[in-house]
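Count residues from 1 along the sequence.
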Amino acid sequence: MEGQGGFGNFVQRCKPYIAMISLQFGYAGMNIISKVSLNRGMSHYVLVVYRHAFATAVIAPFALVLERKVRPKITFPIFMQIFVLGLLGPVIDQNLYYAGLKFTSPTYSCAISNMLPAMTFVMAVLCRMEKLNMKKVRCQAKVVGTIVTVAGAMLMTLYKGQVLNFVWSQHMHHPKSYTPEEATGSADKDWFKGSMLLIIATFAWASFFIIQAITMKRYSAHLSLTALVCFMGTLQSIAVTLVLEHKPSAWNIGWDMNLLAAAYAGIVSSSIAYYVQGLVMRKRGPVFVTAFSPLMMIIVAIMGSFILAEKVYLGGILGSVLIVMGLYSVLWGKYKEYKEKEAIEEIPEPVKVIGGVNGGMATVMEDMEANDIEIQKSTTEANKETVPVAAAIGVPIPQLPMI
(Lines give C-alpha, C1' and ligand atoms only; values in the text may rest on other atoms or scores of the structure.)
Protein backbone atom coordinates (compact mmCIF):
# COMPACT_ATOMS: atom_id res chain seq x y z
CA MET A 1 0.00 0.00 0.00
CA GLU A 2 2.87 2.35 0.75
CA GLY A 3 4.33 1.68 -2.67
CA GLN A 4 0.99 2.41 -4.31
CA GLY A 5 0.66 5.60 -2.28
CA GLY A 6 4.12 6.75 -3.31
CA PHE A 7 3.41 5.94 -6.95
CA GLY A 8 0.09 7.81 -6.74
CA ASN A 9 1.82 10.89 -5.32
CA PHE A 10 4.40 10.69 -8.11
CA VAL A 11 1.67 10.57 -10.76
CA GLN A 12 -0.11 13.54 -9.16
CA ARG A 13 3.11 15.56 -9.24
CA CYS A 14 3.78 14.64 -12.86
CA LYS A 15 0.31 15.60 -14.13
CA PRO A 16 1.04 19.34 -14.59
CA TYR A 17 4.25 18.56 -16.49
CA ILE A 18 2.59 15.96 -18.73
CA ALA A 19 -0.34 18.29 -19.43
CA MET A 20 1.85 21.23 -20.44
CA ILE A 21 4.21 19.12 -22.58
CA SER A 22 1.20 17.61 -24.38
CA LEU A 23 -0.16 21.10 -25.05
CA GLN A 24 3.12 22.11 -26.66
CA PHE A 25 2.76 19.26 -29.14
CA GLY A 26 -0.78 20.48 -29.86
CA TYR A 27 0.43 24.04 -30.41
CA ALA A 28 3.23 22.80 -32.68
CA GLY A 29 0.75 20.97 -34.90
CA MET A 30 -1.41 24.10 -35.03
CA ASN A 31 1.57 26.14 -36.27
CA ILE A 32 2.35 23.71 -39.09
CA ILE A 33 -1.24 23.29 -40.27
CA SER A 34 -2.03 27.00 -40.01
CA LYS A 35 1.10 27.91 -42.00
CA VAL A 36 0.03 25.66 -44.86
CA SER A 37 -3.52 27.07 -44.76
CA LEU A 38 -2.36 30.70 -44.73
CA ASN A 39 0.01 30.10 -47.64
CA ARG A 40 -2.91 28.73 -49.62
CA GLY A 41 -4.65 32.09 -49.32
CA MET A 42 -6.92 31.79 -46.31
CA SER A 43 -7.50 35.08 -44.47
CA HIS A 44 -6.18 34.99 -40.91
CA TYR A 45 -9.15 37.10 -39.76
CA VAL A 46 -11.57 34.45 -41.01
CA LEU A 47 -9.39 31.69 -39.57
CA VAL A 48 -9.64 33.25 -36.10
CA VAL A 49 -13.44 33.49 -36.39
CA TYR A 50 -13.88 29.86 -37.43
CA ARG A 51 -11.33 28.73 -34.86
CA HIS A 52 -13.26 30.14 -31.92
CA ALA A 53 -16.61 29.16 -33.36
CA PHE A 54 -15.40 25.55 -33.32
CA ALA A 55 -14.00 26.03 -29.81
CA THR A 56 -17.29 27.41 -28.49
CA ALA A 57 -19.32 24.63 -30.10
CA VAL A 58 -17.10 21.97 -28.50
CA ILE A 59 -16.67 23.32 -24.97
CA ALA A 60 -20.09 24.95 -24.36
CA PRO A 61 -22.14 21.71 -24.03
CA PHE A 62 -19.74 20.33 -21.41
CA ALA A 63 -19.89 23.61 -19.48
CA LEU A 64 -23.69 23.69 -19.53
CA VAL A 65 -24.06 20.11 -18.30
CA LEU A 66 -21.16 19.64 -15.89
CA GLU A 67 -21.21 23.03 -14.19
CA ARG A 68 -24.91 23.84 -14.06
CA LYS A 69 -24.94 23.66 -10.23
CA VAL A 70 -21.60 25.31 -9.45
CA ARG A 71 -21.62 28.13 -11.99
CA PRO A 72 -21.45 31.51 -10.19
CA LYS A 73 -23.31 34.59 -11.30
CA ILE A 74 -21.66 36.94 -13.77
CA THR A 75 -21.19 40.38 -12.27
CA PHE A 76 -20.18 43.44 -14.21
CA PRO A 77 -16.47 43.26 -13.16
CA ILE A 78 -16.32 39.60 -14.21
CA PHE A 79 -18.02 40.41 -17.52
CA MET A 80 -15.44 43.12 -18.21
CA GLN A 81 -12.62 40.70 -17.44
CA ILE A 82 -14.10 38.12 -19.82
CA PHE A 83 -14.47 40.86 -22.44
CA VAL A 84 -10.80 41.82 -22.06
CA LEU A 85 -9.75 38.15 -22.19
CA GLY A 86 -11.62 37.70 -25.45
CA LEU A 87 -10.00 40.82 -26.84
CA LEU A 88 -6.44 39.92 -25.79
CA GLY A 89 -6.41 36.23 -26.70
CA PRO A 90 -8.68 35.50 -29.65
CA VAL A 91 -8.57 38.93 -31.32
CA ILE A 92 -5.24 40.70 -30.73
CA ASP A 93 -2.91 37.79 -30.04
CA GLN A 94 -4.09 35.32 -32.65
CA ASN A 95 -4.72 37.78 -35.48
CA LEU A 96 -1.29 39.33 -35.05
CA TYR A 97 0.33 35.92 -34.58
CA TYR A 98 -1.21 34.53 -37.76
CA ALA A 99 -0.17 37.67 -39.64
CA GLY A 100 3.38 37.32 -38.35
CA LEU A 101 3.38 33.62 -39.17
CA LYS A 102 2.35 34.45 -42.73
CA PHE A 103 5.32 36.81 -43.17
CA THR A 104 7.88 34.51 -41.49
CA SER A 105 8.19 30.77 -40.82
CA PRO A 106 6.77 28.46 -38.13
CA THR A 107 10.15 27.97 -36.43
CA TYR A 108 10.87 31.70 -36.38
CA SER A 109 7.40 32.48 -35.02
CA CYS A 110 7.89 30.01 -32.19
CA ALA A 111 11.33 31.46 -31.46
CA ILE A 112 9.88 34.95 -31.03
CA SER A 113 7.11 33.50 -28.86
CA ASN A 114 9.77 32.19 -26.48
CA MET A 115 9.82 35.66 -24.94
CA LEU A 116 6.46 34.72 -23.40
CA PRO A 117 7.92 33.31 -20.13
CA ALA A 118 10.06 36.42 -19.62
CA MET A 119 7.16 38.79 -20.28
CA THR A 120 4.83 36.79 -18.04
CA PHE A 121 7.41 36.63 -15.24
CA VAL A 122 7.99 40.40 -15.31
CA MET A 123 4.27 41.15 -15.39
CA ALA A 124 3.61 38.66 -12.57
CA VAL A 125 6.26 40.36 -10.42
CA LEU A 126 4.74 43.79 -11.15
CA CYS A 127 1.26 42.47 -10.27
CA ARG A 128 2.66 40.86 -7.09
CA MET A 129 1.66 37.40 -8.24
CA GLU A 130 5.30 36.31 -8.01
CA LYS A 131 7.51 37.21 -5.06
CA LEU A 132 11.05 38.06 -6.08
CA ASN A 133 13.62 37.59 -3.31
CA MET A 134 17.07 37.51 -4.86
CA LYS A 135 18.60 36.20 -1.61
CA LYS A 136 16.96 32.82 -2.27
CA VAL A 137 18.45 30.40 -4.75
CA ARG A 138 15.09 29.47 -6.31
CA CYS A 139 14.38 33.10 -7.23
CA GLN A 140 17.85 33.43 -8.71
CA ALA A 141 17.23 30.26 -10.74
CA LYS A 142 13.97 31.66 -12.16
CA VAL A 143 15.56 34.97 -13.12
CA VAL A 144 18.66 33.38 -14.66
CA GLY A 145 16.54 30.77 -16.47
CA THR A 146 14.30 33.47 -17.93
CA ILE A 147 17.32 35.43 -19.18
CA VAL A 148 18.93 32.32 -20.70
CA THR A 149 15.65 31.38 -22.41
CA VAL A 150 15.35 34.81 -24.02
CA ALA A 151 19.03 34.67 -25.02
CA GLY A 152 18.44 31.35 -26.76
CA ALA A 153 15.44 32.74 -28.62
CA MET A 154 17.41 35.80 -29.70
CA LEU A 155 20.30 33.59 -30.84
CA MET A 156 17.92 31.67 -33.07
CA THR A 157 16.57 34.95 -34.44
CA LEU A 158 19.80 36.85 -35.09
CA TYR A 159 22.25 34.06 -35.94
CA LYS A 160 21.61 31.38 -38.53
CA GLY A 161 24.96 29.82 -39.33
CA GLN A 162 25.33 26.94 -41.73
CA VAL A 163 22.49 24.72 -42.82
CA LEU A 164 22.32 21.30 -41.17
CA ASN A 165 21.22 18.57 -43.55
CA PHE A 166 19.34 15.71 -41.94
CA VAL A 167 18.91 12.28 -43.45
CA TRP A 168 15.13 12.64 -43.82
CA SER A 169 15.33 16.12 -45.46
CA GLN A 170 18.03 15.52 -48.08
CA HIS A 171 15.68 13.97 -50.63
CA MET A 172 12.60 16.06 -49.86
CA HIS A 173 11.22 18.95 -51.90
CA HIS A 174 9.19 21.92 -50.76
CA PRO A 175 5.47 21.38 -51.27
CA LYS A 176 3.64 23.81 -53.47
CA SER A 177 1.76 25.25 -50.52
CA TYR A 178 4.97 26.19 -48.78
CA THR A 179 7.45 28.53 -50.46
CA PRO A 180 10.23 29.97 -48.31
CA GLU A 181 10.05 33.71 -47.91
CA GLU A 182 13.78 34.09 -48.55
CA ALA A 183 13.11 33.62 -52.27
CA THR A 184 11.18 36.87 -52.61
CA GLY A 185 12.73 40.31 -53.09
CA SER A 186 10.93 41.94 -50.15
CA ALA A 187 11.82 39.17 -47.72
CA ASP A 188 13.71 41.37 -45.27
CA LYS A 189 10.91 43.93 -45.07
CA ASP A 190 8.25 41.29 -44.55
CA TRP A 191 10.49 39.51 -42.04
CA PHE A 192 10.82 42.67 -39.91
CA LYS A 193 7.08 43.37 -40.14
CA GLY A 194 6.32 39.82 -39.09
CA SER A 195 8.75 40.08 -36.16
CA MET A 196 7.05 43.21 -34.81
CA LEU A 197 3.61 41.61 -35.13
CA LEU A 198 4.82 38.52 -33.29
CA ILE A 199 6.31 40.57 -30.43
CA ILE A 200 3.03 42.47 -29.92
CA ALA A 201 1.10 39.19 -30.08
CA THR A 202 3.38 37.68 -27.43
CA PHE A 203 2.81 40.66 -25.13
CA ALA A 204 -0.96 40.28 -25.54
CA TRP A 205 -0.69 36.57 -24.82
CA ALA A 206 1.28 37.22 -21.60
CA SER A 207 -1.36 39.74 -20.52
CA PHE A 208 -4.03 37.12 -21.23
CA PHE A 209 -2.40 34.70 -18.78
CA ILE A 210 -2.16 37.31 -16.03
CA ILE A 211 -5.80 38.40 -16.35
CA GLN A 212 -6.96 34.78 -16.65
CA ALA A 213 -5.26 33.95 -13.33
CA ILE A 214 -7.01 36.92 -11.69
CA THR A 215 -10.42 36.05 -13.18
CA MET A 216 -10.25 32.42 -12.09
CA LYS A 217 -10.09 33.50 -8.44
CA ARG A 218 -13.51 35.18 -8.80
CA TYR A 219 -15.12 32.84 -11.34
CA SER A 220 -14.37 29.27 -10.28
CA ALA A 221 -16.28 27.46 -13.07
CA HIS A 222 -13.39 26.78 -15.45
CA LEU A 223 -15.33 25.14 -18.27
CA SER A 224 -17.88 27.95 -18.28
CA LEU A 225 -15.11 30.55 -18.23
CA THR A 226 -13.42 28.89 -21.21
CA ALA A 227 -16.70 28.74 -23.14
CA LEU A 228 -17.47 32.39 -22.38
CA VAL A 229 -14.01 33.55 -23.46
CA CYS A 230 -14.26 31.59 -26.73
CA PHE A 231 -17.79 32.89 -27.38
CA MET A 232 -16.76 36.48 -26.64
CA GLY A 233 -13.72 36.06 -28.85
CA THR A 234 -15.93 34.79 -31.67
CA LEU A 235 -18.20 37.84 -31.54
CA GLN A 236 -15.28 40.27 -31.36
CA SER A 237 -13.45 38.47 -34.19
CA ILE A 238 -16.55 38.69 -36.40
CA ALA A 239 -16.71 42.44 -35.82
CA VAL A 240 -13.01 42.86 -36.63
CA THR A 241 -13.27 40.69 -39.74
CA LEU A 242 -16.29 42.60 -41.10
CA VAL A 243 -14.30 45.83 -40.79
CA LEU A 244 -10.92 44.67 -42.13
CA GLU A 245 -11.85 41.88 -44.57
CA HIS A 246 -13.95 43.21 -47.44
CA LYS A 247 -13.97 40.14 -49.69
CA PRO A 248 -17.11 38.00 -49.26
CA SER A 249 -15.27 35.07 -50.85
CA ALA A 250 -12.86 34.99 -47.89
CA TRP A 251 -15.60 33.38 -45.79
CA ASN A 252 -15.83 30.39 -48.12
CA ILE A 253 -14.51 27.20 -46.57
CA GLY A 254 -14.67 23.65 -47.89
CA TRP A 255 -13.50 20.17 -46.99
CA ASP A 256 -9.84 21.07 -47.34
CA MET A 257 -6.84 22.28 -45.35
CA ASN A 258 -8.67 25.46 -44.34
CA LEU A 259 -11.36 23.49 -42.54
CA LEU A 260 -8.74 21.28 -40.88
CA ALA A 261 -6.78 24.31 -39.68
CA ALA A 262 -9.86 25.98 -38.20
CA ALA A 263 -11.17 22.81 -36.53
CA TYR A 264 -7.80 21.72 -35.18
CA ALA A 265 -6.93 25.17 -33.84
CA GLY A 266 -10.37 25.61 -32.29
CA ILE A 267 -10.65 22.21 -30.60
CA VAL A 268 -7.03 21.66 -29.54
CA SER A 269 -5.40 25.09 -29.29
CA SER A 270 -8.36 27.04 -27.92
CA SER A 271 -10.96 24.97 -26.06
CA ILE A 272 -8.75 22.20 -24.64
CA ALA A 273 -5.73 24.47 -24.19
CA TYR A 274 -7.61 27.22 -22.35
CA TYR A 275 -9.19 24.71 -19.97
CA VAL A 276 -6.01 22.73 -19.23
CA GLN A 277 -3.96 25.89 -18.78
CA GLY A 278 -6.53 27.19 -16.33
CA LEU A 279 -6.38 24.01 -14.25
CA VAL A 280 -2.58 24.02 -14.14
CA MET A 281 -2.45 27.76 -13.52
CA ARG A 282 -4.71 27.40 -10.51
CA LYS A 283 -2.12 25.19 -8.77
CA ARG A 284 1.20 26.41 -10.17
CA GLY A 285 0.64 29.96 -11.41
CA PRO A 286 1.01 31.65 -14.82
CA VAL A 287 4.83 31.54 -14.83
CA PHE A 288 4.83 27.73 -14.64
CA VAL A 289 2.36 27.50 -17.53
CA THR A 290 4.32 29.77 -19.85
CA ALA A 291 7.69 28.22 -18.96
CA PHE A 292 6.94 25.29 -21.31
CA SER A 293 6.42 27.43 -24.41
CA PRO A 294 10.07 27.13 -25.57
CA LEU A 295 9.50 23.40 -26.12
CA MET A 296 7.04 24.26 -28.89
CA MET A 297 9.81 25.85 -30.94
CA ILE A 298 11.95 22.70 -30.79
CA ILE A 299 8.98 20.50 -31.73
CA VAL A 300 8.04 22.81 -34.61
CA ALA A 301 11.63 22.83 -35.90
CA ILE A 302 11.68 19.02 -36.03
CA MET A 303 8.19 18.73 -37.51
CA GLY A 304 8.96 21.51 -40.00
CA SER A 305 11.99 19.64 -41.30
CA PHE A 306 9.82 16.55 -41.79
CA ILE A 307 6.61 18.04 -43.22
CA LEU A 308 7.65 21.35 -44.80
CA ALA A 309 11.31 20.50 -45.53
CA GLU A 310 12.18 23.64 -43.61
CA LYS A 311 15.89 24.39 -43.29
CA VAL A 312 17.46 23.91 -39.86
CA TYR A 313 20.45 26.13 -39.09
CA LEU A 314 23.27 25.82 -36.58
CA GLY A 315 22.01 28.88 -34.71
CA GLY A 316 18.70 27.12 -34.20
CA ILE A 317 20.39 24.12 -32.61
CA LEU A 318 22.51 26.29 -30.28
CA GLY A 319 19.51 28.41 -29.37
CA SER A 320 17.51 25.29 -28.61
CA VAL A 321 20.18 24.11 -26.17
CA LEU A 322 20.09 27.43 -24.34
CA ILE A 323 16.31 27.37 -24.25
CA VAL A 324 16.24 23.90 -22.70
CA MET A 325 18.78 24.97 -20.08
CA GLY A 326 16.78 28.08 -19.23
CA LEU A 327 13.55 26.09 -19.12
CA TYR A 328 15.10 23.59 -16.70
CA SER A 329 16.32 26.42 -14.45
CA VAL A 330 12.88 28.08 -14.31
CA LEU A 331 11.11 24.79 -13.62
CA TRP A 332 13.61 23.92 -10.89
CA GLY A 333 12.94 27.25 -9.20
CA LYS A 334 9.18 26.76 -9.47
CA TYR A 335 9.51 23.21 -8.10
CA LYS A 336 11.43 24.44 -5.04
CA GLU A 337 8.85 27.17 -4.51
CA TYR A 338 6.04 24.61 -4.72
CA LYS A 339 7.78 22.34 -2.20
CA GLU A 340 8.16 25.23 0.24
CA LYS A 341 4.47 26.03 -0.17
CA GLU A 342 3.56 22.39 0.51
CA ALA A 343 5.73 22.38 3.64
CA ILE A 344 3.96 25.48 4.96
CA GLU A 345 0.52 23.98 4.26
CA GLU A 346 1.43 20.81 6.21
CA ILE A 347 2.09 22.80 9.43
CA PRO A 348 -0.81 22.54 11.96
CA GLU A 349 -3.17 25.48 11.92
CA PRO A 350 -2.40 27.04 15.37
CA VAL A 351 1.33 26.81 14.75
CA LYS A 352 0.87 28.12 11.21
CA VAL A 353 -1.06 31.16 12.45
CA ILE A 354 1.51 32.00 15.13
CA GLY A 355 4.37 31.26 12.76
CA GLY A 356 2.82 33.29 9.97
CA VAL A 357 2.42 36.31 12.23
CA ASN A 358 5.69 36.18 14.16
CA GLY A 359 7.90 34.53 11.58
CA GLY A 360 8.17 30.87 12.63
CA MET A 361 8.67 28.68 15.68
CA ALA A 362 11.99 30.29 16.55
CA THR A 363 10.32 33.67 16.71
CA VAL A 364 7.50 32.23 18.84
CA MET A 365 10.01 30.95 21.42
CA GLU A 366 11.79 34.29 21.41
CA ASP A 367 8.48 36.09 22.00
CA MET A 368 7.64 33.78 24.91
CA GLU A 369 11.02 34.45 26.51
CA ALA A 370 10.61 38.17 25.96
CA ASN A 371 7.18 38.07 27.60
CA ASP A 372 8.62 36.28 30.65
CA ILE A 373 11.37 38.89 30.97
CA GLU A 374 8.84 41.72 30.68
CA ILE A 375 6.65 40.14 33.38
CA GLN A 376 9.66 39.83 35.69
CA LYS A 377 10.65 43.42 35.03
CA SER A 378 7.14 44.70 35.68
CA THR A 379 6.95 42.73 38.95
CA THR A 380 10.29 44.10 40.12
CA GLU A 381 9.32 47.65 39.26
CA ALA A 382 6.01 47.23 41.09
CA ASN A 383 7.84 46.04 44.20
CA LYS A 384 10.23 48.96 43.98
CA GLU A 385 7.37 51.43 43.71
CA THR A 386 5.48 49.93 46.69
CA VAL A 387 8.12 50.81 49.31
CA PRO A 388 8.38 54.56 48.61
CA VAL A 389 4.63 54.89 48.45
CA ALA A 390 4.23 53.15 51.80
CA ALA A 391 6.94 55.33 53.37
CA ALA A 392 5.33 58.51 52.05
CA ILE A 393 1.95 57.64 53.47
CA GLY A 394 3.47 56.82 56.81
CA VAL A 395 2.17 53.36 57.20
CA PRO A 396 4.01 51.75 60.12
CA ILE A 397 6.09 48.77 59.23
CA PRO A 398 5.37 45.94 61.62
CA GLN A 399 8.34 44.76 63.69
CA LEU A 400 9.15 41.15 64.06
CA PRO A 401 8.49 39.88 67.57
CA MET A 402 11.51 39.21 69.70
CA ILE A 403 12.09 35.61 70.52
| side-chain contact (heavy atoms from CB on, under 4.5 Å) assessment of Cys139 paired with Val143 | CA-CA 6 Å; Cys139 293; Val143 173; 5.6 Å; no
| request: Determine, stepwise, if the pair Ser220 / Val70 fulfils side-chain contact (heavy atoms from CB on, under 4.5 Å). | output: CA-CA 8 Å; Ser220 57; Val70 298; over 6 Å; no
| field | Check against side-chain contact (heavy atoms from CB on, under 4.5 Å), Thr75 and Ile78 | value | CA-CA 5 Å; Thr75 60; Ile78 294 178; 3.4 Å; yes
| message | For a side chain to side chain donor-acceptor pair (under 3.5 Å) check, start with the C-alpha distance between Asp93 and Tyr98, then their side-chain angles and the critical distance, and finish with the verdict. | response | CA-CA 9 Å; Asp93 167 62; Tyr98 282 142; over 6 Å; no
| message | Could you go through Val289 and Leu23, starting from their C-alpha distance and side-chain angles, then the distance that decides it, and tell me whether this counts as side-chain contact (heavy atoms from CB on, under 4.5 Å)? | response | CA-CA 10 Å; Val289 173; Leu23 283 185; over 6 Å; no
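In this structure, CG in Leu85 is found 7.5 Å from CD1 in Ile82, a value given to the nearest 0.5 Å. With values rounded to the nearest 0.5 angstrom, His222 atom NE2 is found 10.0 Å from Met281 atom CE. Atom CD1 of residue Ile299 and atom CZ of residue Phe25 lie 4.0 Å apart, to the nearest 0.5 angstrom. Rounding to the nearest 0.5 Å places CG of Leu225 at 7.0 Å from OH of Tyr219. A distance of 11.0 Å separates CG of Leu47 from NZ of Lys102, quoted to the nearest 0.5 Å. Between atom NE2 of residue His52 and atom SG of residue Cys230 there is a gap of 5.5 Å, rounded to the nearest 0.5 Å.
For residues 247-261, the set of pairs meeting the side chain to side chain donor-acceptor pair (under 3.5 Å) definition, not counting sequence neighbours, comprises Ser37-Asn258. Residue pairs meeting the salt bridge (Lys or Arg N to Asp or Glu O under 4.0 Å) criterion with at least one member in residues 142-152, sequence neighbours excluded, are Glu130-Lys142, Lys142-Glu337. Among residue pairs with one or both ends in residues 116-125, none qualify as side chain to side chain donor-acceptor pair (under 3.5 Å); sequence neighbours excluded.
The ring pair (Phe, Tyr, Trp, His ring centres under 6.0 Å) search around Phe288 returns Tyr17, Phe292, not counting sequence neighbours.
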Using atom types as modelled, flag every donor-acceptor pair under 3.5 Å from a side chain in residues 259-278 to any protein atom, sequence neighbours excluded.
residue, atom, partner, partner atom, Å
Tyr264, OH, Gly26, O, 3.0
Ser270, OG, Arg51, NE, 2.7
Ser270, OG, Arg51, NH2, 3.3
Ser271, OG, Gly266, O, 3.2
Ser271, OG, Ile267, O, 2.5
Tyr274, OH, Gln94, NE2, 3.0
Gln277, NE2, Tyr27, OH, 2.8

Pairs of donor and acceptor atoms involving the side chains of residues 196-212, under 3.5 Å and at least two apart or interchain, shall be tabulated with distances.
residue, atom, partner, partner atom, Å
Thr202, OG1, Leu198, O, 2.7
Ser207, OG, Phe203, O, 3.0

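Nearest heavy atoms, Pro61 versus Ala57: CD-O, 3.2 Å. Looking at every heavy atom in both residues, Gln81 comes nearest to Arg218 through NE2-NH1, 3.5 Å.
For Thr56 (side chain) and Phe231 (main-chain N/O), a donor-acceptor pair under 3.5 Å exists by modelled atom type. Using a distance-only test at 3.5 Å, with no hydrogens or angles considered, a donor-acceptor pair links the side chain of Arg71 to the main chain of Ala63.
The number of heavy-atom neighbours closer than 6.0 Å to CE of Met216, taken from other residues, nucleotides and ligands shown, is above 12.
Side-chain contact between Val148 and Ser329 is absent, with no heavy atoms from C-beta onward closer than 4.5 Å. At a threshold of 4.5 Å between non-hydrogen side-chain atoms, the residues Phe83 and Gln236 count as touching.
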